[in-house]
Asks: 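Sharing a structure with you now.
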Amino acid sequence: MAKLPSYIVGNWKMNGSAADVAVLQAIAQAAEAHPHVDTGICPPATLIAGFAAHAGQVQIGAQDCHAKASGAHTGNLSAAMLQEAGAAYAIVGHSERRADQGETDADVAAKAEALHTAGMGAILCVGETLEERDSGHAIAIVTAQLAASLPASASGDWLSVAYEPVWAIGTGRVPVSDDIAAMHAALRATLVEKLGEAGKGVRILYGGSVNPGNATEILAIPDVGGALVGGASLKAETFVPIIAAAPR
Ligand code: PEP
């Protein structure tokens with residue numbers, strides 16, 4: 001199975017305005033020098049359509065989608081609506097949504113399946129809390145979370161997994177490389193156990209306080225297929241060096 005390119009995706013969360021298309025354009029221009037990297041930005045949904053027209057090779061994604069195709073779900077957006085606006089994929093199961101909106105593993109699997117049905121990609125997030133890390137059972141907890149969140153049709157053609165320790169998100173704290181390597185190896189084993197051969201082709205990104213200073217080391221860890229980046233993706237000055245750090 002051919003190795004997929006590194007995948008570097010920025011999650012802008014609830015940040016940004018239409019004027020920040022200038023940031024996207026700076027990222028898109030710099031990304032041209034790194035055609036071996038799959039680069040993405042997930043702005044707030046209100047910016048997807050405006051950004052899609054200026055994205056160059058940067059793939060625009062959404063930060064969530066509803067599992068249903070249509071219906072009485074006030075305030076929500078379906079996969080097809082996001083696709084029509086210009087999103088090629090969406091993040092599902094981010095820990096902030098699991099915590100703030102009470103999303104369950106089953107909800108996350110249904111959202112990922114809805115994206116696949118619409119012909120879109122998905123980045124499925126999993127990760128342990130600090131309490132769970134300190135319990136010594138992080139690997140068992142996160143692999144179980146992945147197994148329960150994984151749609152049956154998953155394959156590397158449309159699905160990526162992001163390992164994001166909750167305690168590393170926005171905190172400046174990052175697990176030691178050996179712990180990232182051990183978690184990614186365990187997630188790979190779970191993917192292969194659940195999906196067979198298709199599980200070998202799913203990229204596993206690391207997310208949590210990735211910045212220009214630590215990106216080279218993190219992206220060189222075995223089976224780290226890229227990074228999901230929050231804070232450092234909001235400015236071209238901090239996001240572009242992370243794209244440049246991605247191995248070929
Ligand atoms: C995230 O929220 O997905 C994330 C990785 O954030 P940060 O890079 O800011 O830790």
Side-chain angles (χ1 to χ4, degrees), residues 6-16 20 23-24 27 37-45 47-48 58-65 87 89-103 105 107-108 111-112 115 121-130 132-133 138 142 145-146 149 159-177 179-180 183-184 187 202-219 221 223-246:
S6 295
Y7 194 19
I8 308 293
V9 180
N11 171 15
W12 280 19
K13 311 190 186 192
M14 201 168 70
N15 296 294
D20 292 314
V23 176
L24 171 71
I27 292 168
V37 180
D38 286 344
T39 303
I41 291 286
C42 299
L47 300 182
I48 289 172
V58 176
Q59 301 154 15
I60 299 300
Q63 299 174 14
D64 178 49
C65 76
Y89 61 97
I91 299 167
V92 290
H94 191 283
S95 59
E96 288 156 10
R97 291 199 60 86
R98 288 179 186 262
D100 294 354
Q101 271 76 32
E103 288 184 6
D105 292 337
D107 294 334
V108 175
K111 286 171 184 234
L115 287 161
I123 300 174
L124 193 171
C125 301
V126 292
E128 81 282 4
T129 62
L130 188 55
E132 289 168 339
R133 169 59 57 180
V142 177
Q145 194 183 25
L146 175 62
S149 306
L159 185 97
S160 304
V161 168
Y163 166 52
E164 298 206 301
V166 178
W167 52 274
I169 293 178
T171 59
R173 293 183 59 194
V174 173
V176 296
S177 295
D179 284 346
I180 296 177
M183 185 63 81
H184 280 234
L187 291 171
V202 175
R203 282 179 289 199
I204 308 174
L205 318 185
Y206 168 79
S209 296
V210 176
N211 62 47
N214 61 23
T216 302
E217 182 179 342
I218 291 171
L219 292 169
I221 296 170
D223 225 345
V224 171
L228 184 55
V229 184
S233 71
L234 294 170
K235 291 197 170 106
E237 303 88 271
T238 45
F239 193 51
V240 171
I242 297 172
I243 299 168

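For ligands, and for the atoms within them, numbers begin at 1 and follow the listed sequence.
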Asks: Tell me the contacting part of Ser233 for ligand 1: side chain, backbone, both, or neither, using a 4.0 Å heavy-atom threshold, strictly below.
Replies: neither
Asks: Can you name the side-chain hydrogen bond (donor to acceptor under 3.5 Å, both in side chains) partners of Glu128, sequence neighbours left out?
Replies: Arg133, Tyr163, Trp167
Asks: Quick one: does Thr171 get an N or O within less than 3.5 Å of an N or O on ligand 1?
Replies: no
Asks: Just to verify, what does Thr39 make a side-chain hydrogen bond (donor to acceptor under 3.5 Å, both in side chains) with, not counting sequence neighbours?
Replies: none
Asks: Return the residue, atom name and 0.1 Å-rounded distance of the protein heavy atom closest to atom 2 (O) of ligand 1.
Replies: Lys13 NZ, 2.5 Å
Asks: Could you give me the CA-CA distance, side-chain angles and deciding distance for Lys13 and Ile169, then say whether side chain to side chain contact (heavy atoms under 4.5 Å, CB included) is met?
Replies: CA-CA 12 Å; Lys13 311 190 186 192; Ile169 293 178; 3.5 Å; yes
Asks: Near Gly170, which atoms of ligand 1 are under 4.0 Å from a heavy atom of that residue?
Replies: 7 (P), 9 (O), 10 (O)
Asks: Ignoring angles and geometry beyond distance, decide whether Gly230 reaches within less than 3.5 Å of ligand 1 through its nitrogen or oxygen atoms.
Replies: yes
Asks: Side-chain contact test, heavy atoms from C-beta onward, threshold under 4.5 Å: evaluate it for Phe239 versus Ile41 and give yes or no.
Replies: yes
Asks: Counting C-beta onward and ignoring hydrogens, is there a side-chain heavy-atom pair between Val166 and Glu96 closer than 4.5 Å?
Replies: no
Asks: Would you say Ala168 touches ligand 1, if touching means a heavy atom closer than 4.0 Å?
Replies: yes
Asks: Do Ile169 and ligand 1 have an N or O pair less than 3.5 Å apart?
Replies: no
Asks: In the structure I gave you, are the side-chain heavy atoms of Tyr89 and Ser160 within less than 4.5 Å of one another anywhere?
Replies: no
Asks: Tell me, which protein residue and heavy-atom name are nearest atom 1 (C) of ligand 1, and how many Å apart are they?
Replies: His94 NE2, 3.2 Å
Asks: Do the side chains of Asp38 and Arg203 get nearer than 4.5 Å, heavy atoms only?
Replies: yes
Asks: Checking a contact table here: which protein heavy atom is nearest atom 3 (O) of ligand 1, and how many Å away?
Replies: Glu164 OE2, 2.7 Å
Asks: Which of the numbered atoms in ligand 1 are under 4.0 angstrom from any heavy atom belonging to Asn11?
Replies: 2 (O), 3 (O)
Asks: Return a yes/no value for Gly231: is any of its N or O atoms, backbone included, closer than 3.5 angstrom to an N or O of ligand 1?
Replies: yes
Asks: Which ligand 1 atoms does Gly208 reach within 4.0 Å, using its non-hydrogen atoms?
Replies: 5 (C), 10 (O)
Asks: One pair to check against side chain to side chain contact (heavy atoms under 4.5 Å, CB included): Asp64 and Glu103. What are the steps and the verdict?
Replies: CA-CA 11 Å; Asp64 178 49; Glu103 288 184 6; 3.7 Å; yes
